[in-house]
J.: 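I'd like to ask you about the structure that follows.
Keep in mind it's a predicted model, so treat the numbers as computed, not measured. We're numbering straight along the sequence, starting at 1. Values below: all heavy atoms of this structure, side chains included; hydrogens, waters and symmetry mates excluded. Whatever order the structure lists them in is the order used to number ligands and atoms, beginning at 1.
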Amino acid sequence: MAVSAYDPENIFAKILRGEIPCKKVFENEWALAFHDIGSKAPVHVLVIPKKPYVSFVDFSARASEDEITGFTRTVGHVATALGLDEPGYRLISNVGPDSGQEVPHFHVHLLGGRRLGALVSP
Ligand code: AMP
């Protein structure tokens, strides 16, 4: 899948620059975690890298090993801090048009707090 150019005017870029607010859960040098505005579960948090990547395709190809490690560990830390490990949770990252990706800044959805339904409709 081709990776389009990063759009610095996407909504998550604006959140990272502090131009629009978010309900922050956690932040470190690698990532920012905040509540999804259109929550689909009792817990619905987005974790985004600080640097500009369009999607997982872009992130997995271009991010340094330190960034990948730092980001991945942060996602795990946030899930644990939210108390999700034991009941369990779902991690989703939408990539491109078929997935319905709306925001072209790589992000991971952390969903939990109840029994989640089937992953995809047939
Ligand atoms: P995706 O379809 O994977 O690109 O998901 C984008 C997500 O971003 C959706 O679940 C939206 O509800 C969420 N979203 C859009 N704008 C905001 C915002 N300003 N603050 C928090 N979440 C947002």
Side-chain angles (χ1 to χ4, degrees):
M1 182 183 150
V3 177
S4 41
Y6 183 81
D7 172 11
E9 295 309 312
N10 78 75
I11 196 121
F12 294 170
K14 291 180 179 177
I15 287 174
L16 283 169
R17 292 196 296 267
E19 293 169 9
I20 62 168
C22 70
K23 285 176 67 182
K24 190 195 299 188
V25 171
F26 183 80
E27 182 172 15
N28 63 14
E29 69 177 297
W30 306 112
L32 174 67
F34 52 95
H35 292 283
D36 193 297
I37 207 167
S39 184
K40 303 280 194 302
V43 178
H44 187 170
V45 166
L46 302 171
V47 190
I48 70 175
K50 288 280 181 77
K51 289 194 178 174
Y53 299 103
V54 174
S55 71
F56 181 71
V57 175
D58 193 18
F59 180 74
S60 61
R62 288 200 305 113
S64 70
E65 291 183 13
D66 280 355
E67 284 176 84
I68 291 171
T69 302
F71 180 79
T72 304
R73 288 203 199 284
T74 303
V75 174
H77 170 77
V78 170
T80 301
L82 290 167
L84 295 175
D85 287 353
E86 199 50 46
Y89 59 92
R90 182 171 291 156
L91 269 183
I92 294 175
S93 188
N94 291 316
V95 179
D98 270 10
S99 74
Q101 181 181 2
E102 292 171 12
V103 181
H105 181 111
F106 171 49
H107 53 282
V108 170
H109 296 253
L110 260 176
L111 294 148
R114 66 166 165 80
R115 278 295 178 109
L116 300 166
L119 189 53
V120 289
S121 305

J.: Checking side-chain polar atoms at under 3.5 Å, does H44 have a donor or acceptor matched by the opposite partner on H109?
T.: yes
J.: Is K50 paired with E67 through a side-chain N to carboxylate O contact shorter than 4.0 Å?
T.: no
J.: Which of parallel (below 30°), tilted (30 to 60°) and perpendicular (above 60°) describes H105 and F12?
T.: perpendicular
J.: Are any protein N/O atoms closer than 3.5 Å to the N/O atoms of ligand 1? If there are, list each pair with names and the distance to one decimal place.
T.:
| residue | atom | partner | partner atom | Å |
| --- | --- | --- | --- | --- |
| ligand 1 | 2 (O) | G100 | O | 3.3 |
| ligand 1 | 2 (O) | E102 | N | 3.2 |
| ligand 1 | 3 (O) | N94 | ND2 | 2.8 |
| ligand 1 | 3 (O) | H107 | NE2 | 2.8 |
| ligand 1 | 3 (O) | H109 | NE2 | 2.8 |
| ligand 1 | 4 (O) | E102 | N | 2.7 |
| ligand 1 | 4 (O) | V103 | N | 3.0 |
| ligand 1 | 4 (O) | H107 | NE2 | 3.0 |
| ligand 1 | 5 (O) | H107 | NE2 | 3.2 |
| ligand 1 | 5 (O) | H109 | NE2 | 3.3 |
| ligand 1 | 10 (O) | D36 | OD1 | 3.2 |
| ligand 1 | 10 (O) | D36 | OD2 | 2.5 |
| ligand 1 | 12 (O) | D36 | OD1 | 2.6 |
| ligand 1 | 22 (N) | I37 | N | 3.1 |

J.: Can you label the angle between the F106 ring and the F71 ring as parallel, tilted or perpendicular, going by 30° and 60°?
T.: tilted
J.: If we ignore hydrogens and angles and just use 3.5 Å, is the side chain of E19 paired with the main-chain N or O of K14 as donor and acceptor?
T.: no
J.: Could you tell me whether E9 and R17 have a side-chain N and a carboxylate O separated by less than 4.0 Å?
T.: yes
